[in-house]
Each structure stands twice: as structure tokens, then as C-alpha cells.
Amino acid sequence: MSTDKTEGSSESLNFLEEIIEADLREGKVTSVLTRFPPEPNGYLHIGHAKSIALNFGLAQKFGGKTNLRYDDTNPTKEEQEYVDSILADIRWLGFEPAKVLYASDYFDQMYDWAKELISRGLAYVDFSTAEEIAALKGTPTEPGKDSPYRNTSPEENLALIERMKVGEFPDGHCVLRAKVDMASPNMHLRDPIMYRIKHDHHHRTGDKWCIYPMYDWAHGQSDSIEGITHSICTLEFAPHRPLYEWFIEQLDIFPSRQFEFARFNLNYTIMSKRKLLQLVQEKHVRGWDDPRMPTISGLRRRGYTPEAIRDFARRIGVAKRENLIEISLLEFCIREDLNKVSLRRFAVLRPLKVVVTNYPEGQEEWLETENNPEAPETGTRKVAFCRELYIEQDDFMENPPPKYFRLSPGGMVRLKSAFIIRCDEVIKDAQGNLVEIHCSYVPESRSGQDTSGLKVKGVVHWLSARHAHPAEVRLYDRLFQLEDPGAEDDFKNSINPNSLEIIENAMVEPALVEANDGDRFQFTRLGYFCADPDGTAEKPVFNRTVTLKETWVKK
RNA sequence: UGGCCCAUUGUGUAAUGGUAGCACAGCAGAUUUUGGUUCUGUUAGUCAGGGUUCGAAUCCUUGUGGGCCAACCA
């Protein structure tokens with residue numbers, strides 16, 4: 001009968017959702033368990049946020065769960081500081097892991113399994129040097145050659161791995177290798193290394209181990225132990241999948257399966273942990289949480305909300321093609337969220353003194369203005385009006401271009417929620433610099449009860465000079481001047497020297513002095529701002545998250 | 001030059017053999033006491049050639065272009 005296409009038509013699934021949906025439908029799995037597996041060697045960034053939203057989102061969508069599992073198999077790079085920040089960032093994003101686990105929890109099990117493979121002749125200890133191993137590995141176009149240690153007997157290998165484990169050999173002396181296929185066109189199958197020797201202190205297992213598993217011999221096994229049904233990773237791991245499957249098949253353990261998606265790149269930014277670490281270490285930024293950083297902590301300090309980041313992750317989608325996302329999409333997401341929820345406040349970044357010559361000296365009055373026109377339930381507040389005011393220097397031009405409809409000599413403008421003023425006189429110093437402007441106000445033009453009959457196009461924000469409070473405002477611009485700095489030989493060549501502008505002498509309305517760290521506001525007509533922890537009661541500090549969308553361009 | 005993955009408006013992402021849609025960006029207009037928001041309209045796309053089919057973005061094939069793989073990193 002009726003074939004209403006819109007009714008009941010579910011929104012289209014991404015390719016991972018399709019796979020899971022089919023697995024569930026066909027009974028391949030009965031429930032969904034995913035995992036987010038960060039290595040604790042740096043702070044999480046917006047790219048990880050996509051992975052987090054994906055892994056947790058997939059599980060949520062199909063009634064499953066998600067573990068956080070630290071991939072802590074390399075003690076030389078990993079630190080507790082990172083472990084802590086990762087969990088905090090995940091929670092801030094709005095996700096709670098079903099379990100918090102560590103690959104190092106499974107070191108004993110992995111070791112037992114390694115011995116099992118050895119005894120079945122599927123792994124061997126190799127005393128070749130790293131260079132020798134690399135040389136025998138061949139190239140993508142030429143097959144590799146067998147190591148001289150490839151045919152050591154299982155008994156001998158069992159004894160050797162034990163000696164490796166108890167610390168008889170120095171770092172790099174030998175490795176344990178899986179015996180797969182030295183002629184495989186897939187380099188990862190040419191007898192991959194399972195264990196290497198590192199006499200290093202591990203953040204969790206201490207000095208218990210001096211052999212540590214490689215990624216390929218830890219990740220899939222950890223997935224399997226936990227019963228992960230869908231192990232989601234990025235595209236560059238696709239060539240590892242045959243090995244991932246080989247180990248699971250040889251051991252005949254829970255068959256976790258790996259699926260790959262394309263990580264995303266953001267234009268004008270870098271997403272490599274290594275490069276981000278370099279920015280921090282070489283002090284191109286103030287730290288991992290510098291508001292210019294694409295880290296979760298940087299975005300948080302910048303004023304981004306978890307909602308906006310989750311929305312962004314949803315909007316960029318999931319697929320397998322290389323992509324370069326425009327930063328404007330992220331900005332759209334934060335504007336859309338903040339427009340609905342942030343309270344409006346008046347702030348003047350670069351003050352220009354205005355003397356209202358026909359307003360009595362010493363008099364003041366309090367005018368009502370809305371806290372957020374998008375959310376009337378947030379009510380109104382009072383702002384002080386008096387004879388001496390500040391407006392934005394940008395809102396006055398002595399010689400305005402044609403379409404300029406702010407203030408200029410002889411022109412009129414409305415002070416938002418207050419009166420219309422006319423600029424009568426421009427006061428300059430001996431050098432010709434603008435000092436202040438003298439205006440007259442129209443008493444009948446009071447906001448809400450305007451009987452003046454005047455129509456002005458321009459509306460500007462303003463502050464009572466007597467009541468305004470000084471503040472520092474930090475304006476951020478993109479950190480890189482090139483769209484894809486990561487593609488350059490040296491990404492640091494395109495660092496934007498003007499990515500941070502500090503305005504020491506901004507003015508804000510008194511209510512802003514009580515802002516707590518992280519509080520977000522819209523400074524009317526300017527953009528969204530967030531209180532920075534560097535601020536004090538005497539001098540609050542605000543970070544500009546993003547400007548308001550600007551459609552007027554000065555010519 | 002071995003293997004694997006990928007190719008849809010400027011950027012992303014849908015369409016699963018049957019009208020190429022959505023979002024961002026852009027442009028134009030309406031509304032507006034934020035040049036914001038909101039609303040309306042609009043520009044613009046199936047990498048190329050061949051094949052299968054009544055019909056191909058979709059299937060096959062050959063190219064082309066891009067990405068990944070030769071760490072005791074993950």
C-alpha cells in the first residue's frame with residue numbers, strides 16, 4: 001500500500017554501523033564491546049575525540065559497552081601524567097568507560113601464549129642485530145630471507161625466552177619473533193617481532209619485566225582477552241590486520257575483529273602527537289593546554305564545550321577516504337552551541353572614551369538588557385549609564401567607507417539597550433591621535449520607550465567608564481599559516497607568529513569580575529569568551545573562543 | 001617498480017542497479033536594538049576510457065590520481 005519513504009526511514013548508517021548491525025542481525029555477535037586504546041605518551045587531541053565518540057557512540061547505539069585500555073607496552077615513552085589526563089579528558093567529553101584497563105594487565109597471559117607459540121615452533125628468539133633483521137626483511141618488492149636463528153628448536157627457544165625474561169641479556173641483545181612468512185608481500189608478516197628487551201621501569205608493573213610486547217603482540221591479544229567484538233582503528237593499521245588475525249587463529253582465542261576508518265585532518269593545524277609534543281617542548285605554545293592547541297585540554301581552555309566537540313565528531317562522519325576537514329566546521333559547532341547557552345556581557349577590547357556632553361555630571365542610571373535573547377528565561381541585568389563611556393575603537397571611524405553604519409563625525413548610533421548618540425566633536429592630541437569623542441545623547445530614545453522617531457542602523461556595545469573593570473583578553477588566531485602544515489618538510493616553518501594577541505587594557509562590565517575559571521560568555525558583538533585560570537579578582541583574563549560570524553568586511 | 005586501501009559540488013558525507021540528497025563554506029534577499037541569531041532562495045559534484053544492463057555514482061575491466069606498508073614505535 002503506502003510506501004511513505006520518509007516515515008520510519010532511519011537515517012543512513014556509516015559503514016561501521018552497517019557492519020555491527022549486520023553482525024548482530026546474523027548472530028555473529030550477541031552484544032557489542034568496543035575499546036578506546038590510547039598510548040599514554042601524550043595528551044589527547046581532537047582526533048582522539050573522534051575516535052572516542054566513535055567507539056563509545058557505536059557501543060551506545062547498539063546497547064553495548066566500551067572499555068578504556070591504555071596501550072602501555074613501551075615504558076620508555078609513557079608517563080602517569082598522561083594516564084591521568086586521558087581519563088579526565090574522556091570524562092569531560094561526556095563518556096564513562098565500562099572498565100579502565102591496561103595492556104600491562106595482560107603481560108603474564110601474553111608471556112604464556114608466547115611460550116605456547118614457541119613450543120609449537122611458531123616463534124623463535126633471534127640474536128640478529130636490528131640492522132641485520134632489517135636487511136633480511138627485504139623490501140616491498142623483494143622477498144625477505146630467513147634469519148639464521150629461524151630454525152632453532154622449540155626446546156632451545158623456550159630456554160632462551162626464559163633467559164630473556166629474567167634479564168640475562170642487555171637491551172637489544174635479542175628479540176622474540178613470530179615465524180610467519182618471510183616472503184609475504186605484506187611486510188608485517190615477515191616474522192614480526194613480538195618481544196624486545198628494555199630494562200626500563202614501567203609505570204604499573206615496575207621492574208617485574210624487562211621484555212615488553214610489541215604492538216602487534218599486545219593489541220589483538222588484549223582485545224581478545226577482554227572480548228572486544230569490534231576493534232576500531234585507523235587506516236594505517238589495515239596492513240596489520242592479517243597479523244592480528246594470524247595470532248588469534250594460532251592461539252584459538254576469542255575472535256576479536258579489526259576494522260579501520262580514516263582519521264581526519266583539520267586544516268591549519270597538526271594532529272601528530274610527536275609534533276604537538278615538539279610545540280610544547282620548544283615552547284612555541286605555553287603547554288599542552290594552550291588554547292591554540294588542538295588538544296582536548298587546549299580546546300577546553302579555549303572555551304569549547306563537550307557538546308560542540310561531540311557534534312563536530314558526528315558531523316565529520318566516518319569513512320575510509322583521506323580527508324582534510326575545514327576548521328570552519330568546528331567553529332560552526334561551537335558557535336551553534338554557545339549561541340544558545342552563553343550569557344551576553346558587555347566588554348570593550350580597545351576602549352575609546354565618549355563624553356556625553358548633555359548628560360549631567362555625576363548622574364547615573366541603570367538600564368535593563370537581556371542576558372541571552374535566545375533564552376529569555378535567563379532574564380535581564382542592569383548596566384550603568386553615565387556621562388563618560390567607552391565604546392570600541394572599531395565602532396568609530398573618522399572617514400567611514402560607504403556601507404559603514406557605526407559612528408562617525410556628525411553621525412548617530414544606538415548604544416545597545418540605552419540611547420542614541422550623535423558624534424559632535426572629535427578630540428585629538430598635539431600629534432593628531434584620537435583622544436576621545438564628544439557626543440550628545442537623545443533623552444527620548446531610551447531603549448524600549450523610544451519616542452524620538454529617529455531611525456539608526458548601527459547598534460554598538462558600550463560601558464560606563466566609571467563602572468567598567470579592567471581585564472586582560474587573549475585573542476587567538478590559527479597556529480599555522482598553511483592549510484596542511486603537516487605535509488611540509490618542517491611544519492614549524494609555517495607557524496603563525498601572530499597566533500596570540502594579548503590585550504592588556506580591555507574593559508569589562510562589573511559582573512564579569514566574578515566569573516569562575518571556565519565560565520563562558522558572549523561578549524556582545526565580539527564573540528565568545530571563556531574565563532582563564534590565569535585571571536585574578538583584580539584582573540580577570542578571558543580567552544576568545546571564536547568570533548561571531550562576520551559578514552561585514554571593511555574595504 | 002610488490003601488496004593493501006581509497007576516489008561524489010570548495011570541504012565533508014549520503015544514495016547499497018531506478019529522480020545524485022544533506023551539512024559546512026560561498027552568493028543573494030527578508031527579519032533583527034548583536035553587521036550575531038532566525039528565515040528564504042541560490043551557485044556548484046559522480047576521476048577518465050571501455051564493458052554488463054531497459055537503466056550504472058553503484059557491478060566488471062583498464063588507466064589515472066591519492067594514501068599506507070620495509071621502527072627492537074603505537
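Letters go in sequence order (proteins before strands), and every chain restarts at 1. When reading the values below, keep in mind they use all heavy atoms of this one structure, side chains included, and skip hydrogens, waters and symmetry mates. Predicted model, so just to flag it, every value in this text is computed and none were measured.
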Starting at atom CD of A:Glu17, determine the distance to atom C1' of B:U13, rounded to an integer number of angstrom. 13 Å

Which of these, A:Asp394, A:Thr547, A:Asp395, sits in a side chain to side chain donor-acceptor pair (under 3.5 Å) with A:Arg525? A:Asp395

Please classify the nucleic acid contact of A:Asn323 as base, sugar-phosphate, or nothing, using heavy-atom distances under 4.0 Å. sugar-phosphate

Selection from B:G36, B:C69, B:U13 that lies nearest to any side-chain heavy atom of A:Ala319: B:U13

Show me the donor-acceptor pairs within less than 3.5 Å that the side chains of residues 165-173 of chain A make with the rest of the protein, sequence neighbours left out.
{"unit_1": "A:Glu168", "atom_1": "OE1", "unit_2": "A:Arg163", "atom_2": "NE", "d": "2.6"}
{"unit_1": "A:Glu168", "atom_1": "OE1", "unit_2": "A:Arg163", "atom_2": "NH2", "d": "3.1"}
{"unit_1": "A:Asp171", "atom_1": "OD1", "unit_2": "A:His199", "atom_2": "N", "d": "2.8"}

Please report, rounded to the nearest Å, how far the P atom of B:A14 is from the CD1 atom of A:Ile316. 12 Å

Regarding A:Val318, tell me which of base, sugar-phosphate or nothing describes its non-hydrogen contacts under 4.0 Å with the strands shown. sugar-phosphate

Can you measure A:Ile325 atom CD1 to B:U13 atom P for me and round it to whole angstrom units? 6 Å

When the aromatic ring centroids of A:Tyr149 and A:Tyr124 are compared, is their separation below 6.0 Å? no

Could you give the distance separating B:C24 and B:U19 at their P atoms, to the nearest angstrom? 25 Å

Using the P atom on both, measure B:A48 against B:A7 and round to a whole Å. 14 Å

Give A:Gly448 one of three labels, base, sugar-phosphate or nothing, depending on what nucleic acid heavy atoms sit under 4.0 Å from its own. base

Can you check the distance between B:U32 and B:C39, where both ends of the measurement are the P atom (answer in whole Å)? 16 Å

Please report the distance, rounded to the nearest Å, between CD in A:Gln522 and P in B:U34. 11 Å

Can you measure A:Asp311 atom CG to B:G12 atom C1' for me and round it to whole angstrom units? 14 Å

Nearest-angstrom distance from the residue atom CD of A:Glu322 to C1' of B:C6: 8 Å

Check: A:Arg263/A:Asn323 side-chain N/O donor and acceptor closer than 3.5 Å: no

Polar atom pairs between nucleotides 71-73 of chain B and protein, under 3.5 Å, N or O only, would you list them?
{"unit_1": "B:C72", "atom_1": "N3", "unit_2": "A:Gly172", "atom_2": "O", "d": "3.4"}
{"unit_1": "B:C72", "atom_1": "N4", "unit_2": "A:Ser128", "atom_2": "O", "d": "3.2"}
{"unit_1": "B:C72", "atom_1": "N4", "unit_2": "A:Ala130", "atom_2": "N", "d": "3.4"}
{"unit_1": "B:C72", "atom_1": "N4", "unit_2": "A:Gly172", "atom_2": "O", "d": "3.2"}
{"unit_1": "B:C73", "atom_1": "OP2", "unit_2": "A:Arg196", "atom_2": "NE", "d": "3.0"}
{"unit_1": "B:C73", "atom_1": "OP2", "unit_2": "A:Arg196", "atom_2": "NH2", "d": "2.9"}
{"unit_1": "B:C73", "atom_1": "O3'", "unit_2": "A:Arg196", "atom_2": "NH2", "d": "3.1"}
{"unit_1": "B:C73", "atom_1": "O2'", "unit_2": "A:Asn74", "atom_2": "ND2", "d": "3.3"}
{"unit_1": "B:C73", "atom_1": "O2'", "unit_2": "A:Lys77", "atom_2": "NZ", "d": "3.1"}

Ring-plane angle category for A:His202 and A:Phe107, please: parallel below 30°, perpendicular beyond 60°, tilted otherwise. perpendicular

Over 60° means perpendicular and under 30° means parallel, so classify the ring planes of A:Tyr43 and A:Trp288, tilted if in between. parallel

Protein-nucleotide distance (A:Phe264, atom CZ; B:C24, atom P), rounded to Å: 18 Å

Using a heavy-atom cut-off of 4.0 Å across all strands, would you classify A:Tyr212 as base, sugar-phosphate, or nothing? nothing

With a non-hydrogen cut-off below 4.0 angstrom, is A:His240 in contact with a base, only sugar-phosphate, or nothing? base

Output the rounded distance in Å from NZ (A:Lys145) to P (B:A70). 19 Å

Could you work out the separation of B:U8 and B:U58 based on their C1' atoms and round it to a whole Å? 11 Å

Side chain of A:Arg315, base of B:U13: donor and acceptor closer than 3.5 Å? no

Between A:Tyr304 and A:Phe312, does the ring centre distance come in under 6.0 Å? no

Considering only heavy side-chain atoms of A:Thr139, the closest of B:G36, B:A70, B:G3 is B:A70

Confirm from the modelled atom types if A:Thr141 and B:U1 form a donor-acceptor pair under 3.5 Å, side chain to base only. no

Over 60° means perpendicular and under 30° means parallel, so tell me whether A:Phe346 and A:His461 are parallel, tilted or perpendicular. tilted

Provide the distance between the two C1' atoms, one in B:A28 and one in B:G35, to the nearest whole Å. 16 Å

Mind checking A:Leu415 for me? I need base, sugar-phosphate or nothing, with any heavy atom below 4.0 Å counting as a touch. nothing

Of A:Glu78 and A:Arg321, whose nearest nucleotide on RNA chain B comes first from the 5' end? A:Arg321

Report the secondary structure of RNA chain B in dot-bracket form, marking unpaired bases with a dot and bases paired to a different strand with |, and treating Watson-Crick or G-U pairs with both distances under 3.5 Å as paired. .((((((..((((....[..)))).(((((.......)))))....(((((..]....))))))))))).....

Polar pair under 3.5 Å, donor/acceptor by atom type, side chain A:Arg406, base B:G35: yes

ring-ring contact (aromatic ring centres under 6.0 Å, His included) involving A:Phe396 - partner list, sequence neighbours excluded: none

What interatomic distance, in whole Å, is found between P of B:G18 and the corresponding atom of B:G26? 35 Å

For the P atoms, the ones on B:U64 and on B:G12, what distance do you get once it is rounded to whole angstrom? 24 Å

Within the 4.5 Å heavy-atom criterion, are A:Phe247 and A:Leu117 side-chain neighbours or not? yes

Could A:Arg478 and A:Tyr268 be counted as a cation-pi pair, given that NZ or CZ must be under 6.0 Å from the ring centre and within 45° of the axis? yes

Set out, line by line, the N/O atom pairs under 3.5 Å between protein and nucleotides 25-32 of chain B.
none

Would you mind classifying the nucleic acid contact of A:Thr551 as base, sugar-phosphate or nothing, using non-hydrogen atoms under 4.0 angstrom? sugar-phosphate

Inter-nucleotide P distance (B:U42, B:A57), Å rounded: 24 Å

Would you say the side chain of A:Glu374 and the base of B:G36 hold a donor-acceptor pair, judged only by whether the two atoms sit under 3.5 Å apart? yes

Aromatic centroids of A:Tyr244 and A:His240 separated by under 6.0 Å: no

Both conditions, 6.0 Å and 45 degrees, for the charged tip of A:Lys198 above the ring of A:Tyr212: are they met here? no

Report which part of the nucleic acid A:Pro38 touches: base, sugar-phosphate, or nothing (heavy-atom distance under 4.0 Å, all strands). nothing

Who pairs with A:Phe385 by ring-ring contact (aromatic ring centres under 6.0 Å, His included), at least two apart in sequence or on another chain? A:Tyr359, A:Phe419, A:Trp462

